[in-house]
Number of protein chains: 2
Amino acid sequence: MAPEAKAALFDQFAQVGKAFSNGRRAELVDVLAQGERAVEALAGQIGQSVANTSQHLQVLARAGLVTSRRDGNRVLYRLADEQVEALWETLRAVAAANVSGVRQAAEEYLGDRDGLEQVSRDELARRLGAGVLVWDVRPASEYEAGHVPGAISVPPDEVQRRLDDVPDGVEVVAYCRGRFCVYADDAVRALVAAGRRAVRLDEGFPEWRRAGLPVAVGTG
Amino acid sequence: MAPEAKAALFDQFAQVGKAFSNGRRAELVDVLAQGERAVEALAGQIGQSVANTSQHLQVLARAGLVTSRRDGNRVLYRLADEQVEALWETLRAVAAANVSGVRQAAEEYLGDRDGLEQVSRDELARRLGAGVLVWDVRPASEYEAGHVPGAISVPPDEVQRRLDDVPDGVEVVAYCRGRFCVYADDAVRALVAAGRRAVRLDEGFPEWRRAGLPVAVGTG
DNA sequence: CATCTAGTCAAGAACTCGGTTGAATACTTG
DNA sequence: CAAGTATTCAACCGAGTTCTTGACTAGATG
């Protein structure tokens, strides 16, 4: 068997690695794990031009990680399947465990998490029926694409405004995109500073959905 | 929070993708999943110069995927932890499911698998006590680093010579490095051509070990 | 110590990547 | 159909990657 054939096969596997080899593409995957989105919205999320974002999306598409469909004059991208989410989750876990720079970069971005109480998704699932208030701290469109049943949408820029909506004595559980998502952290800190009791879900909504826990869709 | 801090965090995650973004590095990870190896041996496996292999290994080390230790005048590399194996397995699965080129490249390298019977690791585990003959079709050093209990070592280049060692009426189960490893395929084809009954384990030894199934070490 | 082996480092050539800009295309709306 | 919006394409340039070659270093051996 020709050695080039073996090399060619591993080059194909490397295509998937290549897709994740750029920080902006990783951000795109992270956002797309929340649900379908148009190019312009994605460009805004990753802070890049639309043209550049489009090109990154095409790299992801060539690696089979995303698919697209036209809706009117917009093109909506989504992750190809749940396995891609699983891959992204494992990759982050490996990076967190082994890449020394992650700890630094995470602290730089997320701030100090020492005073931040976290609960697991099983714990949240248990408490769901027991009078806990759940905040989905993601952009409204991500909430609408799917959220924890009973959670209310509190987009990041509305957190301050909604602090007083929390009845006295009620505990808030906040969640957002994942372990390394800052929105829930910020919300919990703001709530605690306002004298409320608040904790964050240690993971994000994609992990909740992939664990087979119940999901609600739409503005409800 | 500065947007550069977010970008920096995702750039760190992308380091891991970058490590897998080259076919030769992917091959290195695949070989290292079988166990510890020295640089020269690895260079031979991936068909590259020692200098180039050393540089690839350092990229993997910087991404936290491998660690090294000195043994006399050799340097032995190994995967950092089992999570890295899990990541490599998921990456291959995503590639197999979504990258169109994988199917082609795999067929080119592995040949037609239609006439090739495969058994799962649970099936093999069940049959272990029941008179099945198990062939470990990997280089001897990988067998010594860990193998399925009761399996005998039949390195790829010894398959032809060992065909007649199989008693009549005994079925052989062959395995090697993984789903995309060609050695077990070749052994099964050779055995069948010689009139024996033979099947291959659908996965490889690393998956067997990671599933928590029993493992034997050494020349036994 | 001189020599050997195994691995690493440094520099350079060919190529690929990641971003910008401006033009082209697809579909919708007036 | 003309005008507008959303996306893609093409060209370009600086920066990074991959492999080669040859020099260098750590430890083993005669």
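Labels below follow one simple rule: chain letters A, B, ... track the order of the sequence lines, proteins then strands, and each chain is numbered from 1.
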Pick out the pairs of N or O atoms, protein on one side and nucleotides 3-11 of chain D on the other, that lie under 3.5 Å.
{"unit_1": "D/dA6", "atom_1": "O4'", "unit_2": "A/Asn73", "atom_2": "O", "d": "3.2"}
{"unit_1": "D/dT7", "atom_1": "OP1", "unit_2": "A/Val39", "atom_2": "N", "d": "3.2"}
{"unit_1": "D/dT7", "atom_1": "OP1", "unit_2": "A/Val75", "atom_2": "N", "d": "3.3"}
{"unit_1": "D/dT7", "atom_1": "OP1", "unit_2": "A/Val75", "atom_2": "O", "d": "3.4"}
{"unit_1": "D/dT7", "atom_1": "OP2", "unit_2": "A/Glu40", "atom_2": "N", "d": "2.9"}
{"unit_1": "D/dT8", "atom_1": "OP1", "unit_2": "A/Tyr77", "atom_2": "OH", "d": "2.7"}
{"unit_1": "D/dT8", "atom_1": "OP2", "unit_2": "A/Ser54", "atom_2": "OG", "d": "2.6"}
{"unit_1": "D/dT8", "atom_1": "O5'", "unit_2": "A/Ser54", "atom_2": "OG", "d": "3.4"}
{"unit_1": "D/dC9", "atom_1": "OP2", "unit_2": "A/Gln58", "atom_2": "OE1", "d": "2.6"}
{"unit_1": "D/dC9", "atom_1": "OP2", "unit_2": "A/Gln58", "atom_2": "NE2", "d": "3.4"}

- Task: Grab the CZ-C1' distance between B/Arg69 and D/dA26 for me, whole Å please.
- Result: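 After rounding, the gap between these two atoms is 17 Å.
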
- Task: Answer yes when A/Arg113 and A/Asp185 have at least one side-chain N-carboxylate O distance shorter than 4.0 Å, and no when they do not.
- Result: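 A salt bridge is present here (some side-chain N lies under 4.0 Å from a carboxylate O).
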
- Message: Check this for me, if you would: do B/Arg74 and B/Glu40 make a salt bridge, where the nitrogen-to-carboxylate-oxygen distance has to be below 4.0 angstrom?
- Response: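 Salt bridge flag = no for B/Glu40 with B/Arg74.
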
- Do you know which of A/Glu203, A/Glu82, A/Glu142 makes salt bridge (charged side-chain N to carboxylate O under 4.0 Å, His left out) with A/Arg209?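 Running salt bridge (charged side-chain N to carboxylate O under 4.0 Å, His left out) over A/Glu203, A/Glu82, A/Glu142 with A/Arg209 returns exactly one hit, A/Glu82.
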
Are side-chain heavy atoms of [X] and [Y] found at a separation under 4.5 Å?
| X | Y | result |
| --- | --- | --- |
| B/Arg162 | B/Ile152 | yes |
| A/Val84 | A/Asp81 | yes |
| A/Arg138 | A/His147 | yes |

- Could you pull out the closest heavy-atom pair between B/Glu207 and B/Gly178, with the gap in Å?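 Heavy atoms of B/Glu207 and B/Gly178 come nearest at OE1-CA, 4.2 Å.
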
- Contact boundaries on DNA chain C for chain B, cut-off under 4.0 Å to non-hydrogen atoms: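 Nucleotide range in contact with chain B: C/dT5 to C/dC9.
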
Donor-acceptor pairs under 3.5 Å, side chain of residues 10-21 of chain A to any protein atom, not counting sequence neighbours: which ones?
{"unit_1": "A/Asp11", "atom_1": "OD1", "unit_2": "B/Arg24", "atom_2": "NH2", "d": "2.4"}
{"unit_1": "A/Asp11", "atom_1": "OD2", "unit_2": "B/Arg24", "atom_2": "NH2", "d": "3.3"}
{"unit_1": "A/Ser21", "atom_1": "OG", "unit_2": "A/Lys18", "atom_2": "O", "d": "2.7"}

- Task: Could you list the residues that satisfy side chain to side chain donor-acceptor pair (under 3.5 Å) with B/Gln83, not counting sequence neighbours?
- Result: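 Residues passing side chain to side chain donor-acceptor pair (under 3.5 Å) with B/Gln83: none at all.
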
- Item | Any residue meeting side chain to side chain donor-acceptor pair (under 3.5 Å) with B/Arg69, in chain and number order, not counting sequence neighbours |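 Expected list: B/Glu36.
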
- Output the residues of residues 14-30 of chain A in contact with DNA chain D, where contact means a heavy atom of the residue under 4.0 Å from an atom of the strand; sort by number or write none.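 Hits under 4.0 Å, by residue number: none.
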
- Closest nucleotide of DNA chain C for A/Gln48 versus for A/Asp71: which of these residues is on the 5' side?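 The residue closer to the strand's 5' end, by nearest nucleotide, is A/Gln48.
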
